[in-house]
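Quick note on labels: first sequence line is chain A, next is B, and so on, each numbered from 1.
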Protein chains: 2
Amino acid sequence: MLKLKEERHQFILDEIRANNKVLSSELSTRLKVSEDTIRRDLRELSDLGAIRRVHGGAVKNNNEINLEDHSDSSAYIPFSYEDREVYSKSKKEKIAEKAVSLLRDDDVILIDGGTTNLELAKRIPKDYKGTIITNCLPIATKLVEHRFVDVYFLGGRILPNALVTVGHSVIQELKEIRADICFLGTRSIDVQRGITDIDRVEVEVKMAMSKSAENVVSVASSDKLFTNQPFLCVSSKNVTTLITELDPNEAALRPFVENGTKVL
Amino acid sequence: MLKLKEERHQFILDEIRANNKVLSSELSTRLKVSEDTIRRDLRELSDLGAIRRVHGGAVKNNNEINLEDHSDSSAYIPFSYEDREVYSKSKKEKIAEKAVSLLRDDDVILIDGGTTNLELAKRIPKDYKGTIITNCLPIATKLVEHRFVDVYFLGGRILPNALVTVGHSVIQELKEIRADICFLGTRSIDVQRGITDIDRVEVEVKMAMSKSAENVVSVASSDKLFTNQPFLCVSSKNVTTLITELDPNEAALRPFVENGTKVL
DNA sequence: ACTTAATTTGCACGTTTATGCATGTTCAGT
DNA sequence: ACTGAACATGCATAAACGTGCAAATTAAGT
């Protein structure tokens, strides 16, 4: 059965995504744990913002965005983002904090999709002044709140799960762009190969992004280190900076430093 | 069935969105709870400002958050129950409802920005199948929820107020597109000139959109009729269809019909 | 392997919430 | 004004909830 708490959490998220709701009582019997445990699970997931608790269970948190209310300060986390890594929010925050420190006024910045980059977008100071180019819907939506930021969106077909645009037009537009920094959401990074990912069309976009930027910054929680995916985004030598939630002096990061990558 | 209070609330809101009214008695039987419970639900939703309670049930509350639209102050004038059905529907919703009726499966649809078009996007059936191209951030965000819709976003600089993209790239991408219908948010429309607007860069995009579509549909509340703005979007003869909240036989719409424009 | 610390879980307890029913009141339409 | 339906209010009950605590499990260090 599902013995680990994490498995239950995943199960609950899946269930909510499928049915838009869960009942504490039902979960208790199906997962064979007490309702108290279920309630604790729901509380934890709710604290992460992944679900919304209600009396009797929990429901999908449908924080919608509309024209009347785009000042919405509450976090907009699309569903499919959650199954990637909800449990490491504090990691993402640490990473985002470091990433923001790289920003200089009047920079031209490329931001890829992913929850960490969304976190980064949220943490950009309200008075930051610069140009930001992205292909990620929620990130763009977040950034329009910044008065002094010019936001450009890269057009193309929208992947409903990742909420990023992909395709020929994105890549074409990127060819006409010269950015100072590019923040790449990273599924896997390895000292030898570099940044790799699983979806071919997303990889093509990430690749084009990295080529259009002076500095390529990989934002990656430590569990992505030394892992591999089928498709290469950015070869190792072209990754300028690596940001993880770890201390830069951590032994695990040593190989990257020796390889010439800056580590934050 | 619907065990959570939250689900009932959602059901009630959906029901009101679709029919503009709900009956306590009907909800009681359909949701299999006592009328008291229904009344409590309605009270809570009413306290949140989501609906307006009336004797027998509840209706849509018309206090638009939109500052520009004070014409709906008629909401405070008491009216009989039958009239309520007519008046409780906001202009935008009536328009959106008519617009949705134009959709055919497998169409390629262009949707411009604006609150009315957002309302349209919200009302597209969840099982609609087709391709939708837009330059409006909230509309795209709404549409990704539709499993069978391919959403394409037109990239460019984002106008923070209108939340649409504009500029050369948008127009360039539009040139490579052939759509069946184009829904244009309309600030002003006149029998002689056609659709006009105030912002030059937005106008350029709207113009390009209209040229890329077989049918050009203007969505415009009646107060936009017979008004003018400095820049021409679409000349009168190129407007295929006009949708307002009025009855198509209304005298005010006669000139458009005589001019060869379909009126819904 | 053994011990210790930390986490997770279930249970007991009292508290809150949700719901239906009974009561009397208000409403709307003849 | 009369009448039945819709309503508000108070109350009872069961389910869901939070909390503290102890047992059980897991993780970590030696």
Colleague: How close or far is atom P of D:dA5 from atom CD1 of B:Ile38, stated in whole angstroms?
Modeller: 19 Å

Colleague: Ignoring backbone atoms, establish whether A:Ser34 has a side-chain N or O less than 4.0 Å from OP1 or OP2 of C:dG10.
Modeller: yes

Colleague: Kindly calculate the angle separating the two end axes of the helix from C:dA1-D:dT30 to C:dT30-D:dA1, each obtained from five base pairs, and round it to 10 degrees.
Modeller: 50°

Colleague: Could you state the atom-to-atom distance from CG of A:Leu31 to C1' of C:dT8 in whole Å?
Modeller: 15 Å

Colleague: Just jot down the side chain to side chain donor-acceptor pair (under 3.5 Å) partners of B:Asp47, sequence neighbours excluded, or say none.
Modeller: none

Colleague: In whole Å, what is the span from the CZ atom of A:Arg8 to the P atom of C:dT8?
Modeller: 9 Å

Colleague: When the distance from CD of A:Glu7 to P of C:dT8 is rounded to whole Å, what number comes out?
Modeller: 14 Å

Colleague: Take atom CZ in A:Arg254; do more than 12 heavy atoms of anything else shown fall under 6.0 Å from it?
Modeller: no

Colleague: I'd like to check the side chain to side chain contact (heavy atoms under 4.5 Å, CB included) partners of B:Asp127; sequence neighbours left out, ordered by chain and number.
Modeller: B:Pro125

Colleague: Who pairs with A:Lys126 by side chain to side chain contact (heavy atoms under 4.5 Å, CB included), at least two apart in sequence or on another chain?
Modeller: A:Glu145, A:His146

Colleague: Which whole-number value in Å describes the distance from B:Asp41 CG to D:dA8 P?
Modeller: 13 Å

Colleague: Sequence neighbours left out, what passes ring pair (Phe, Tyr, Trp, His ring centres under 6.0 Å) with B:Phe226? Give chain and number order.
Modeller: B:Phe256

Colleague: Sequence neighbours left out, what passes side chain to side chain contact (heavy atoms under 4.5 Å, CB included) with A:Arg53? Give chain and number order.
Modeller: A:Arg39, A:Leu42, A:Arg43, A:Ser46

Colleague: Determine whether a donor-acceptor pair (N or O, by modelled atom type, separation under 3.5 Å) exists between the side chain of A:Ser28 and the backbone of A:Val33.
Modeller: yes

Colleague: Among residues at least two apart in sequence or on other chains, which ones pass side chain to side chain donor-acceptor pair (under 3.5 Å) with B:Arg30?
Modeller: B:Glu15

Colleague: Quick one: list whatever passes side chain to side chain contact (heavy atoms under 4.5 Å, CB included) with A:Thr165, sequence neighbours left out.
Modeller: A:Asn135, A:Phe153, A:Leu154, A:Ile158, A:Val170, B:Phe153

Colleague: Just how far, in rounded Å, is P of D:dC7 from CD of B:Glu44?
Modeller: 15 Å

Colleague: How does each nucleotide of nucleotides 15-23 of chain D score, in 5' to 3' order, for protein heavy atoms under 4.0 Å: base (B), sugar-phosphate only (S), or none (-)?
Modeller: -SBSB----

Colleague: What is the distance from NZ of A:Lys32 to C1' of C:dG10, rounded to the nearest Å?
Modeller: 17 Å

